[in-house]
Amino acid sequence: MIMSTELIIDISQSEIQIALLKDKKLVELNKEKNNLKFSVGDIYIGRIKKLMPTLNAAFVDIGYEKDAFLHYLDLGPKINSLIGFYNSVISSNPNKTGTLPKVKILPDIDKNGKITEVLKQGQEIIVQIAKEPISTKGPRLSSEISLAGRWLVLLPFSDKVSVSQKIKNNEEKTRLKQIVSSVKPHNYGVIIRTVAEGKNVEDLNNELKELVNKWESAFKNFKREKENYQLLIGEINRTSSVLRDLLNSSFNNIHINDVVTHNELKKYILDIAPEKENILKLYNQNEPIFEHFGIEKQIKGLFGKTVMMKNGSYLIIEHTEAMHVIDVNSGNRTNKGNDQETSATEVNLIAADEIARQLRLRDMGGIIVIDFIDMLDTEHKKLLHERMRENLKDDRAKSQVLQLSKFGLMQITRERVRPEINITTNETCPVCKGSGKVSSSIIFVDELENYLAYIVTKTNHKNILLKVHPYVEAYINKGFFSSIRKKWSKTFKIKIKVENSTKYSFLESHFFDSKNEEIII
């Protein structure tokens with residue numbers, strides 16, 4: 001059976017949300033603020049603020065409120081070549097020094113060396129964001145620069161060509177390596193990604209040229225700024241980067257609710273996968289896009305402390321600064337005819353599927369400890385371990401799954417690149433609205449009428465949309481000829497439509513004009 005894959009993109013003034021659905025089930029959610037700075041992949045010119053010999057690391061100013069962290073092991077073996085290249089750019093004509101093939105590559109640094117032997121305080125350095133700011137920490141940096149494309153990853157200051165381990169066919173790996181080795185410029189290394197399998201010479205060569213041009217153009221037009229830092233090469237936005245990393249032949253639809261971004265993505269898809277152009281669709285209905293595709297409801301059920309599973313079993317998920325803890329419970333699950341071992345194994349396998357989904361969905365990183373239901377059979381323990389490893393194969397974040405301990409605990413380490421997605425699923429108290437003070441709910445409709453009177457008298461709006469909780473909407477629209485909505489329409493001589501939204505709390509309301517822009521009261 002072929003699995004359907006859809007991408008739903010919700011663009012608002014303040015935020016971009018991207019939901020990945022597989023067979024209508026939410027498996028991945030990306031959220032980012034519009035105009036977000038300091039994204040993974042961004043390349044900066046930074047300045048060394050402080051060297052920390054005890055940590056063998058440096059703190060670097062790249063413009064974030066906290067200095068970014070650069071460890072010696074993240075400098076990369078070719079750091080001296082990178083430093084020499086940058087010095088040549090700022091000391092002479094960039095048009096002559098902006099191309100790597102002309103640069104002399106210096107010997108690798110000692111992998112057991114000291115950061116004070118390579119860098120000095122106040123020095124300018126090219127760095128790339130490896131991890132976004134998380135909690136109280138600034139960005140994590142690397143000077144082992146890479147530029148990711150759809151099929152290839154470009155590595156300046158290297159000559160090595162490597163192929164993704166996920167490509168199993170040895171003949172195909174050899175073919176790809178020979179193609180890229182024959183067309184790549186000197187002093188550029190390349191990693192051939194899994195999705196490059198089956199691609200022809202023209203496709204790979206064109207992308208390689210684009211990536212090389214992206215790097216060299218940054219230095220041909222380079223001008224030093226007065227600040228201690230400047231953005232050199234910005235990563236593409238999260239929407240395009242998700243498409244670049246996820247888009248494959250299994251995609252059925254991409255729905256987006258913003259015309260400008262739709263047109264940008266259409267151009268991007270035509271560049272990377274023109275055969276997929278028709279799957280991109282503009283969503284222009286009044287109902288919010290996440291509600292229309294049932295995503296809002298799934299978020300409510302998946303991001304809480306308690307996550308329900310099949311047949312009454314459930315997970316309890318707790319988060320701390322140091323780690324994440326997940327407890328597996330059988331709940332009121334009944335298995336007539338099954339012994340305790342079989343029942344425990346069934347629940348644990350179901351939990352392994354859901355936990356893998358939760359790790360991707362919440363983007364949980366660091367250490368995850370899972371308390372499974374106790375099992376005695378060694379084969380069952382091996383089966384559970386293999387199930388978890390298999391479930392995490394499609395996860396873009398690297399992870400390591402350890403065997404179950406004698407206490408029934410499984411430890412997972414998962415790459416932490418971006419802050420964990422944390423969505424509050426508790427609704428505001430419908431009585432006190434979170435204030436702790438009780439107000440009379442019977443006058444809520446009267447308050448809405450007063451707001452409506454204010455809008456009509458103070459503005460020229462004649463077509464108004466009111467969105468409220470489903471219970472309130474049903475009450476206002478009750479009765480075809482004698483509804484409260486009809487009464488408001490006659491009283492104020494306007495057209496008013498009342499719709500419900502499941503994401504609103506019980507006594508929450510929002511008014512919108514004919515252009516679907518909210519009327520601020």
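Predicted, not measured: the structure shown is a model, and the values here were computed from it.
Checked by atom type and distance alone, the side chain of Q128 pairs as donor or acceptor with a backbone atom of G41 at under 3.5 Å. Under the 3.5 Å distance criterion, the side-chain polar atoms of E341 are matched with a main-chain donor or acceptor of L376. Of the possible polar contacts, one joining the R193 side chain to the G149 backbone as a donor-acceptor pair under 3.5 Å is found. Side chain of E473 to backbone of N500: no donor-acceptor contact under 3.5 angstrom is found. Side-chain N or O atoms of S313 include none that pairs as donor or acceptor with a backbone N or O of A351 at under 3.5 Å. Looking only at distances, no side-chain donor or acceptor of D23 sits under 3.5 Å from a matching main-chain atom of K25.
The side-chain heavy atoms of L55 and F69, taken from C-beta on, include a pair separated by under 4.5 Å. Contact annotation: the side chain of I295 never approaches that of Q17 to less than 4.5 Å [non-hydrogen atoms, C-beta and beyond]. L152 places a side-chain heavy atom less than 4.5 Å from the side chain of I192.
Between the side chains of N348 and T345, no donor-acceptor pair is found at a separation under 3.5 Å. At a cut-off of 3.5 Å, with distance as the only test, no side-chain donor of K114 or N56 sits close to an acceptor on the other residue. Between E291 and S501, the side chains place a donor N or O and an acceptor N or O closer than 3.5 Å (distance only, hydrogens not considered). A donor atom on one side chain and an acceptor atom on the other are not found under 3.5 Å apart for E508 and H469. Residues S4 and N252 bring no donor and acceptor atom of their side chains to less than 3.5 Å of each other. Residues N257 and N284 have side chains that never bring a donor and an acceptor to within less than 3.5 angstrom of each other. Defined by atom type and a distance below 3.5 Å, a donor-acceptor pair is missing between the side-chain atoms of N205 and D203.
With respect to E28, the salt bridge (charged side-chain N to carboxylate O under 4.0 Å, His left out) criterion is satisfied by exactly one of R362, K22, R360: R360.
A perpendicular orientation is assigned to the rings of F157 and W215, their planes being inclined by more than 60° (bins at 30° and 60°).
Electrostatic pairing of R389 and E386 counts as a salt bridge here, judged by a charged N lying under 4.0 Å from a carboxylate O. Taking the charged nitrogens against the carboxylate oxygens, E318 and K305 do have a contact shorter than 4.0 Å, which makes a salt bridge. With respect to the salt-bridge test (charged N to carboxylate O, under 4.0 angstrom), the residues R175 and E172 qualify. A salt bridge does not link D67 with K50: none of the charged nitrogens is closer than 4.0 Å to a carboxylate oxygen.
Outside the 6.0 Å centre-distance limit, the rings of H262 and Y283 are not counted as a close aromatic pair.
Not counting sequence neighbours, the partners of K24 by the side-chain contact (heavy atoms from CB on, under 4.5 Å) test are E6. In this structure, the side-chain contact (heavy atoms from CB on, under 4.5 Å) partners of Q165, at least two apart in sequence or on a different chain, are K173.
The distance from the CD atom of E296 to the CD1 atom of I289 is 12.0 Å, given to the nearest 0.5 Å.
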Practice task
Under the side chain to side chain contact (heavy atoms under 4.5 Å, CB included) rule, what do V127 and L70 come out as? Steps first, then yes or no, please.
Solution key: CA-CA 9 Å; V127 290; L70 176 64; 4.2 Å; yes
